[in-house]
S.K.: 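Before anything else, here's the structure in question.
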Amino acid sequence: MKLTVEQVRHVAKLARLELKGEDEAKLQGDLSRILESFEALSAVDTGDVPPTARVFPAQAVRPDEVRGELGVEKALANAPQKHGTSFAVPKFLD
Amino acid sequence: MDALDGPIEELQALLASGDVSAVEVTKAAIDRVSKRDGKVRAFLKVDEAGALAAAAASDARRAKKEARGPLDGIPLALKDNLLTLGLETTAGSRILKGFQPLEDATCVRLLREAGAVILGKTNLDEFGMGSSTENSAFHVSRNPYSLAHTPGGSSGGSAAAVAARMVFGALGTDTGGSIRQPAAFCNVVGLKPTYGRVSRRGVVAYASSLDQVGPLARTVREAALLYSAIAKHDPGDATSSDRAVADPLAELYRGVEGLRVGLVTEALTPELAPRLRAAGQAFEKLGATVSEVALPHTPHAIATYYLVATAEASSNLGRYDGVRFGHRAADVKTLPELYARSRSEGFGPEVQRRIMLGTFALSAGYYEAWYGKAQKVRTLIVRDFEKAFASVDVLLLPTSPVPPFKLGENLADPLQMYLVDAMTLPCSLAGLPGLSIPDGFTSDGLPLGLQLISKAFDEATLLRAAWAYEHEHPYGEKAPVFE
């Protein structure tokens, strides 16, 4: 399947990536070739085959108890920018 | 120091008798890294102070007759996508440069509790995405057997550090072959345990239904030692298995008399068949019964894996947003700009390519045809193995369809690089344990690996079969040459 430049831009927007012009062209070519080579998958008969999301069943859910709280200082320790006891982000509401 | 080149068992005897101390061994290992790693570049960071402190603590325990077992005082390395408290963890990515974990990964904690000395963090393809370490944001690692060649990936730094005798063993992670392939390329043993056998807590996520931690070591026995230390149920990982762990050392030397071994038909290509048949004959000589077994959906493993893994990655890597940790773009005005620019500045080209592929496969209008289809074919791959294991105990196939390739050789063409994973992906998609052992060299002296796969949670049989083969074919003993 060949991707158009518009499709590449749409996917980049969904993925929150900011592509430069030359990256767009490169990705358009790479992804198109990769998807074309994956097209053989569509010929596999999967009529009533269920999908596999995980190979073994999940373990029992553990009790919903609060434990091992991080604390504000640790939680903010790796924040590139903070404001008091909060993560700082650009203003997004007027 | 000679003790660095011998088996762990020998070093333990020297430590126990007091002929050598853990601090001396650790200093020798640090010295060896300084002599050899300028060429190999296996490490991203060597933690000299932390390693020496751990070694001193080990010596103190031993003096009080409180040594903790076979790994106490033994220098090991960790792939840099395993969180280490007090030691920067980057996952080979610019986006995590400077990241200081708030806790140890469970597997790291278990190794520390066993008394191991953590020498440092090893290089990898960014987030584990690659087969050569060439996707590391920091530098490329080299194969100790030929510096012009790749050590494999993504755990290439761990494999190279073990092969170059800078450490006795290392942990890696394997999502689609990232322990087994570099182990094969570097002439060491690499074990990917069953999915869920080792906790993923504190492992930087790539594809959560596939990621698994495992050991790289110089011998099967030493791989079993490391595996035993980290294979444990962890309530901190909901996919961690609570099944009892069979002690792989208990029956390691029992041999393979009566074991049913299957050669994977799909791997019997003109190029690969001679070596694989030779391995089969070797097992036959050891008393195993050998047959050929088909895994008919193997040709679809690459497409299946690269759709499933990238879809999961596109979701997992959503956490890198420039807000809570990691790289943040400067001078942005809006929140969407902050997200997009931080990510595009922080992620390398292959990671962005995989995020794009995965996002596409999950996007409206394409989900069913791509991601949904891949999940169904994954079921067929799982069933292939179920059928195969009805008649055999262990499957044999090459670890890699190609010997170690030259650095730069596959870099321009991502699809070419994906093809390198063809032999390791089916096992990963089925969540089964797989292991690579040294299987000789090409005429140019480049290492080759033999892959063994067993039923889920049957690592003990896998290691027993591998030990029997290794015992007769000790290719791993041939160390790389450093002047």
S.K.: Just by distance, do the side chain of Arg343(B) and the backbone of Arg16(A) share a donor-acceptor pair under 3.5 Å?
M.R.: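 Such a contact is found between Arg343(B) side chain and Arg16(A) backbone.
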S.K.: Could you tell me which portion of Leu31(A) (side chain, backbone, both or neither) has an atom closer than 4.5 angstrom to a non-hydrogen atom of chain B?
M.R.: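 Contact with chain B: side chain only.
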S.K.: Does Asn78(A) reach the main-chain N or O of Phe99(B) with its side chain, forming a donor-acceptor pair under 3.5 Å?
M.R.: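 It does not hold such a pair.
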S.K.: Does a donor on one side chain sit under 3.5 Å from an acceptor on the other, for Lys373(B) and Ser42(A)?
M.R.: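 Judged by distance alone, the side chains do not pair up.
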S.K.: Between Val382(B), Thr334(B), Leu210(B), which shows the greatest number of heavy-atom pairs under 4.5 Å with chain A?
M.R.: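 Of the candidates given, the most pairs with chain A belong to Thr334(B).
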S.K.: Where does Thr194(B) contact chain A at under 4.5 Å (heavy atoms): side chain, backbone, both or neither?
M.R.: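 Contact with chain A: side chain only.
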S.K.: In Å, rounded to the nearest 0.5 Å, how long is the span from CZ of Arg324(B) to CD of Gln81(A)?
M.R.: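 That separation rounds to 15.5 Å.
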S.K.: Counting only heavy atoms closer than 4.5 Å, note whether Phe457(B) contacts chain A via side chain, backbone, both or neither.
M.R.: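 Answer is side chain: those atoms of Phe457(B) sit under 4.5 Å from chain A.
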S.K.: Between Arg33(A) and Asp413(B), is there a side-chain N and carboxylate O pair less than 4.0 Å apart?
M.R.: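 Salt bridge: yes.
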S.K.: Using non-hydrogen atoms and a limit below 4.5 Å, what part of residues 69-77 of chain A faces chain B?
M.R.: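 Expected list: Leu70(A), Lys74(A), Ala77(A).
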S.K.: Enter the distance from His300(B):NE2 to Phe38(A):CZ here, rounded to the nearest 0.5 Å.
M.R.: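 Here the rounded value is 12.5 Å.
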S.K.: State the CZ-CZ distance between Arg243(B) and Phe56(A), to the nearest 0.5 angstrom.
M.R.: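 Result: 8.0 Å between the selected atoms.
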S.K.: Tell me, for His327(B) versus chain A, whether the close heavy atoms (under 4.5 Å) come from the side chain, the backbone, both or neither.
M.R.: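 Interface part for His327(B): neither.
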S.K.: Identify which part of Pro336(B) has an atom lying under 4.5 Å from any heavy atom of chain A, answering side chain, backbone, both or neither.
M.R.: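 Both backbone and side chain.
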S.K.: Would you say that more than 12 heavy atoms from the other residues, nucleotides or ligands in this model lie under 6.0 Å from the NZ of Lys232(B), or not?
M.R.: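 Not more than 12 within 6.0 Å, no.
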S.K.: With only heavy atoms counted, which part of Leu338(B) is less than 4.5 Å from chain A, the side chain, the backbone, both or neither?
M.R.: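 Just the side chain, heavy atoms under 4.5 Å.
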S.K.: As an exercise: rank Trp370(B), Tyr306(B), Tyr418(B) by heavy-atom pairs under 4.5 Å with chain A and give me the winner.
M.R.: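 Most heavy-atom pairs under 4.5 Å with chain A: Trp370(B).
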S.K.: Checking side-chain contact (heavy atoms from CB on, under 4.5 Å) between Thr52(A) and each of Arg383(B), Gln375(B), Lys376(B), Arg378(B), which is the one that passes?
M.R.: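 Between Thr52(A) and the candidates, side-chain contact (heavy atoms from CB on, under 4.5 Å) is satisfied uniquely by Arg378(B).
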S.K.: Ser314(B), Ser363(B), Ala303(B), Ser342(B): which one forms the most heavy-atom pairs within less than 4.5 Å of chain A?
M.R.: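 Maximum pair count with chain A is reached by Ala303(B).
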S.K.: So which of Ala12(A), Pro51(A), Ser37(A) has the biggest tally of heavy-atom pairs under 4.5 Å with chain B?
M.R.: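 Going by pairs under 4.5 Å, I would pick Pro51(A).
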S.K.: Side-chain contact test, heavy atoms from C-beta onward, threshold under 4.5 Å: evaluate it for Phe347(B) versus Leu17(A) and give yes or no.
M.R.: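 Counting from C-beta outward, Phe347(B) and Leu17(A) do come under 4.5 Å.
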S.K.: Find the distance between CG (Leu307(B)) and CG (Leu41(A)) and round it off to the nearest 0.5 Å.
M.R.: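 Leu307(B) atom CG to Leu41(A) atom CG measures 6.5 Å (nearest 0.5 Å).
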S.K.: Counting heavy-atom pairs under 4.5 Å with chain B, which one of Asp45(A), Leu35(A), Leu19(A), Leu27(A) comes out on top?
M.R.: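 Most pairs with chain B among the choices: Leu35(A).
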S.K.: Between the side chain of Thr379(B) and the main-chain N/O of Pro50(A), is any donor-acceptor distance below 3.5 Å?
M.R.: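 Such a contact is found between Thr379(B) side chain and Pro50(A) backbone.
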S.K.: Which residue out of Ile34(A), Leu14(A), Asp23(A) racks up the most heavy-atom pairs below 4.5 Å with chain B?
M.R.: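 Heavy-atom pair counts peak at Ile34(A).
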S.K.: Is it the case that more than 12 heavy atoms not belonging to Arg341(B) sit under 6.0 Å from its CZ atom?
M.R.: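 Correct, the count exceeds 12.
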S.K.: Quick one: what part of Tyr366(B) sits under 4.5 Å from any heavy atom of chain A, side chain, backbone, both or neither?
M.R.: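 Looking at Tyr366(B), just its side chain touches chain A.
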S.K.: Lys91(A) and Leu335(B): side chain to side chain contact (heavy atoms under 4.5 Å, CB included), yes or no, with the steps?
M.R.: CA-CA 7 Å; Lys91(A) 192 174 174 189; Leu335(B) 195 56; over 6 Å; no
S.K.: List for me each residue that meets side chain to side chain donor-acceptor pair (under 3.5 Å) alongside Ser344(B), sequence neighbours excluded, and say none if there are none.
M.R.: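 Scan of Ser344(B) (side chain to side chain donor-acceptor pair (under 3.5 Å), adjacent residues dropped) gives none.
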S.K.: Write down the atom of Pro80(A), the atom of Gly322(B), and the distance for their closest heavy-atom approach.
M.R.: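 Taking Pro80(A) first and Gly322(B) second, the nearest heavy atoms are CG-O, 3.4 Å.
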S.K.: In terms of heavy-atom pairs under 4.5 Å with chain A, which of Pro101(B), Ala369(B), Pro299(B), Ala430(B) leads?
M.R.: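 Most heavy-atom pairs under 4.5 Å with chain A: Ala430(B).
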S.K.: Using the side chain to side chain contact (heavy atoms under 4.5 Å, CB included) rule, take Val8(A) and Phe360(B) through it: C-alpha gap first, then chi angles, then the decisive distance, then the call.
M.R.: CA-CA 9 Å; Val8(A) 171; Phe360(B) 168 79; over 6 Å; no
S.K.: Side chain, backbone, both or neither: which part of Ala374(B) has an atom under 4.5 Å from a heavy atom of chain A?
M.R.: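 Answer is both: backbone and side chain atoms of Ala374(B) are under 4.5 Å from chain A.
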S.K.: Could you tell me which portion of Lys26(A) (side chain, backbone, both or neither) has an atom closer than 4.5 angstrom to a non-hydrogen atom of chain B?
M.R.: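 Contact with chain B is through the side chain of Lys26(A) alone.
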S.K.: Measuring from atom CD of Glu18(A) to atom OH of Tyr339(B), what distance do you get when rounded to the nearest 0.5 angstrom?
M.R.: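 One gets 14.5 Å once the value is rounded to the nearest 0.5 Å.
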